[in-house]
Colleague: 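Please find one structure pasted underneath; my questions will follow.
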Amino acid sequence: MLDIKVIREDPQKVKILLGRRGVPEEEIDKILKMDEKIRKMITDLNSMRAERNSISKEIAKLKAAKDEEGVNKILDRGKMLSEKIKSDEDELSRLQSQLNQALLFLPNIPYEKVPFGRDENDNVEIRRWGEPTKFNFDPQPHWDLGSKRGLLDFERAAKISGSRFTILKGDAALMERALISFMIDLHTKKHGYTEILPPHLVLRQTMLNTGKLPKFEEESYSTTLDDLFLIPTAEVPLSAMHQDEIIDEKDLPLKYVSYTPCYRREAGSYGKDVRGMIRQHQFDKVELVKYTKPEDSYEELESLTHDAEEVLQYLELPYRVIELCTGDIGFVSARTYDIEVWLPSYNNYKEISSCSNVTDFQARRANVRIKRNNGTLEFAHTLNGSGLAVGRTLVAIFENYQTRDGKIRVPEVLRDYMGGKTEI
RNA sequence: GGAGAGAUGGCCGAGUGGUCAAAGGCGUACGCCUGGAGAGCGUAUGAGCUUAAUAGGCUCCGUGGGUUCAAAUCCCACUCUCUCCGCCA
């Protein structure tokens, strides 16, 4: 959520920056108008409250002096004020929730340097690592490769759960587990993140605080009886974990890594990535989340992205890093780098991680503040990034490490996690 | 699921209708003291809104309602935490 004060103080700048993300100017004007009306009401209300309070104090004094006549003189005025205050308060809270609702639908303000653009075609490549894998035979897509060797089972998954689910079997399941362990070990031991195993079901409020609601309700799985939501990413519990807390400046940054399955309805992506296990309703992900001081967050985004990249370097998978343009960054993000891994079946790079600086957008909703050494309070910045999407990493290994005879070599760093196996 | 206890400032904890943003303690900051540190002493110290303002005013004692001129305090509902019983991986 944006700070209404920022909008109020420099509406022109907000209009320009949000305009790059496709928010119409009228939306900002509407909000400013509501804000003005609300503040006028508050001022009026406050003077009535002040009068009522002084009447109350006067009554207390008169009662103490046993002056019943004096009390009766001003009692009616007090009653009248009380009624008026109550009805105005009702009206005010109606207006405030309207304003709040409007604010909840505004996306984060993009970082000034984010490239302007309409959609993913305007994203900018930042760097590449490795070369696209060359084969001296026709490589197979992972869905053929995995099905033939009994490692991936799409038919049975569809029988029990419908489309966009996959059963991993035998060594595929083992490799998935190995990848999870490898990634978490790397981030905890080398990069200094603390491992968290969070709940996978969260309150509606938690989804709201992390910006997944109200805008993306149709993207989420929820439980009707309890109104709990299955997490679409570990970012949700991790970024809301310190809700209503005040964190000491000296304890920052906080760095968390978490493995969880992610549940997404993938509404609106019909016909996209329909083959194989690229786009699933459930997938494993190792997620990185940081809480930082505002002045450090863009630097921390660079290091978080590097931490994620390193997973691919250890796995020796070719990738590139792109910066998303204003039209493609996520709702809560001010700046986003995507890491894309080379996938032979796509003959292209495919997203395997998305690293974002959310600035204070979630922290304001979740009320996560930091206490400065001089005692002042301000909202923390939060960042998140996949480190990495495990299912897509498995796919990348299958496709890039396949052999002529349809087997898959096991990357060096995973062998210890897989009982020494060199191929599957 | 049943019974009971509780929720107050960064933390602990007092407060059962008006003089309470709220005692006391801890913590923190500054000062005194000291060769230095500690102890000790003194002063300050909740958040948010409004405002040119550290002036004034307003709101906030788990959440939401209600009673009252006036609610941390009384009434109702809910949420969460803890203890005991039951059930259970």
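Below, chain A is the first sequence line, B the second, and so on; all start at residue 1.
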Colleague: Both distances below 3.5 Å, Watson-Crick or wobble geometry, any strand: find the nucleotide opposite B:rU54.
Modeller: none
Colleague: Whole angstrom is fine here: how far is it from CZ in A:Arg77 over to P in B:rU68?
Modeller: 19 Å
Colleague: In Watson-Crick or G-U wobble terms, both distances under 3.5 Å, what is the partner of B:rG1?
Modeller: B:rC85
Colleague: Rounded to whole Å, how long is the line connecting atom CG of A:Asp88 with atom C1' of B:rU59?
Modeller: 15 Å
Colleague: Does B:rU68 have its OP1 or OP2 closer than 4.0 Å to a side-chain nitrogen or oxygen of A:Arg52?
Modeller: no
Colleague: Assess whether a salt bridge exists between A:Asp248 and A:Lys371, defined as any Lys/Arg side-chain N lying under 4.0 Å from an Asp/Glu carboxylate O.
Modeller: no
Colleague: Between A:Lys79 and B:rC69, does any side-chain N or O lie under 4.0 Å from OP1 or OP2?
Modeller: yes
Colleague: Between A:Glu89 and A:Leu75, just flag the one whose closest nucleotide in RNA chain B comes earlier from the 5' side.
Modeller: A:Glu89
Colleague: Specify the separation, in whole Å, of atom CG of A:Asp251 and atom P of B:rG10.
Modeller: 16 Å
Colleague: Taking the P atom in each of B:rG40 and B:rC49, what is the distance between them to the nearest angstrom?
Modeller: 38 Å
Colleague: Determine the sole option in A:Tyr193, A:Tyr259, A:Tyr256 for which the ring pair (Phe, Tyr, Trp, His ring centres under 6.0 Å) test with A:His187 is passed.
Modeller: A:Tyr193
Colleague: Less than 4.0 angstrom between a side-chain N/O of A:Ser82 and OP1 or OP2 of B:rA70, yes or no?
Modeller: yes
Colleague: Partner of B:rA7 by Watson-Crick or G-U wobble geometry, both contacts under 3.5 Å, or none?
Modeller: B:rU79
Colleague: B:rC69 and B:rC84: how far apart are their C1' atoms, nearest whole angstrom?
Modeller: 46 Å
Colleague: Looking across every strand, which nucleic acid part, if any, lies under 4.0 Å from A:Arg8 by heavy atom: base, sugar-phosphate, or nothing?
Modeller: sugar-phosphate
Colleague: Among A:Thr359, A:Asp360, A:Ile370, which residue satisfies the side-chain contact (heavy atoms from CB on, under 4.5 Å) criterion with A:Pro294?
Modeller: A:Ile370
Colleague: B:rU67 P sits how many Å from A:Glu83 CD, rounded?
Modeller: 10 Å
Colleague: How many whole angstroms separate atom CD1 of A:Ile59 from atom P of B:rU19?
Modeller: 13 Å
Colleague: If you only use heavy atoms from C-beta on, which nucleotide in B:rG57, B:rG10, B:rU51 is closest to the side chain of A:Arg39?
Modeller: B:rU51
Colleague: Can you identify which nucleotide, out of B:rG57, B:rA70, B:rU51, has its nearest atom closest to the A:Ser56 side chain?
Modeller: B:rA70
Colleague: Can you identify which nucleotide, out of B:rU59, B:rG10, B:rA47, has its nearest atom closest to the A:Asn53 side chain?
Modeller: B:rU59
Colleague: On RNA chain B, check which nucleotide each of A:Arg49 and A:Ile246 is closest to and give me the residue with the more 5' one.
Modeller: A:Ile246
Colleague: Within less than 4.0 Å of OP1 or OP2 of B:rU67, is there a side-chain N or O belonging to A:Lys86?
Modeller: yes
Colleague: Quick one: A:Arg204 CZ to B:rC78 P, roughly how many Å, whole number?
Modeller: 21 Å
Colleague: Within the 4.0 Å heavy-atom criterion, would you say A:Leu45 contacts the bases, only the backbone, or no part of the nucleic acid?
Modeller: nothing
Colleague: Look at the side chain of A:Asn46 and decide which nucleotide, out of B:rG10, B:rA47, B:rC58, has an atom nearest to it.
Modeller: B:rC58
Colleague: What contact category does A:Ile55 fall into here, base, sugar-phosphate, or nothing, at under 4.0 angstrom with non-hydrogen atoms?
Modeller: nothing
Colleague: How close or far is atom P of B:rU67 from atom CD1 of A:Ile85, stated in whole angstroms?
Modeller: 15 Å
Colleague: Between P on B:rC69 and CD on A:Glu68, what's the gap in Å once rounded to a whole number?
Modeller: 14 Å
Colleague: Expressed as a whole number of Å, how far does the C1' atom of B:rC87 sit from that of B:rG6?
Modeller: 25 Å
Colleague: For the C1' atoms, the ones on B:rA7 and on B:rG18, what distance do you get once it is rounded to whole angstrom?
Modeller: 25 Å
Colleague: When both hydrogen-bonding distances must be under 3.5 Å and the geometry is Watson-Crick or G-U wobble, what is B:rC30 paired with, if anything?
Modeller: B:rG42
Colleague: Roughly how far apart, to the nearest Å, are B:rA14 and B:rA22 at atom C1'?
Modeller: 10 Å
Colleague: Can you tell whether the side chains of A:Lys86 and A:Asp90 come within less than 4.0 Å, N to carboxylate O?
Modeller: no
Colleague: Go ahead and name the base partner of B:rG35; Watson-Crick or wobble counts if both distances stay under 3.5 Å, otherwise write none.
Modeller: none
Colleague: What distance, rounded to whole Å, do you find between the two C1' atoms, one in B:rG62 and one in B:rG56?
Modeller: 31 Å
Colleague: For B:rG17, take OP1 and OP2 only and decide whether either is under 4.0 Å from a side-chain N or O of A:Lys63.
Modeller: no
Colleague: Can you check the distance between B:rU51 and B:rG46, where both ends of the measurement are the P atom (answer in whole Å)?
Modeller: 23 Å
Colleague: Taking the C1' atom of each, how far is B:rC33 from B:rU43, in whole Å?
Modeller: 15 Å
Colleague: Thinking salt bridges, do A:Glu112 and A:Lys13 make one under a 4.0 Å N-O criterion?
Modeller: yes
Colleague: Are any of the side-chain nitrogens in A:Glu323 or A:Arg335 under 4.0 Å away from the carboxylate oxygens of its partner?
Modeller: yes
Colleague: Base, sugar-phosphate or nothing for A:Lys73? Non-hydrogen atoms, less than 4.0 Å.
Modeller: nothing
Colleague: Under a 3.5 Å limit for both distances, which nucleotide forms a Watson-Crick or G-U wobble pair with B:rU19, could you say?
Modeller: none
Colleague: Kindly assign one of parallel, tilted or perpendicular to the pair A:His242 and A:Tyr291, based on the angle between their ring planes and the thresholds 30° and 60°.
Modeller: perpendicular
Colleague: One thing to verify: whether A:Asp307 and A:Lys190 come together as a salt bridge, which I'm taking to mean a side-chain N less than 4.0 angstrom from a carboxylate O.
Modeller: no
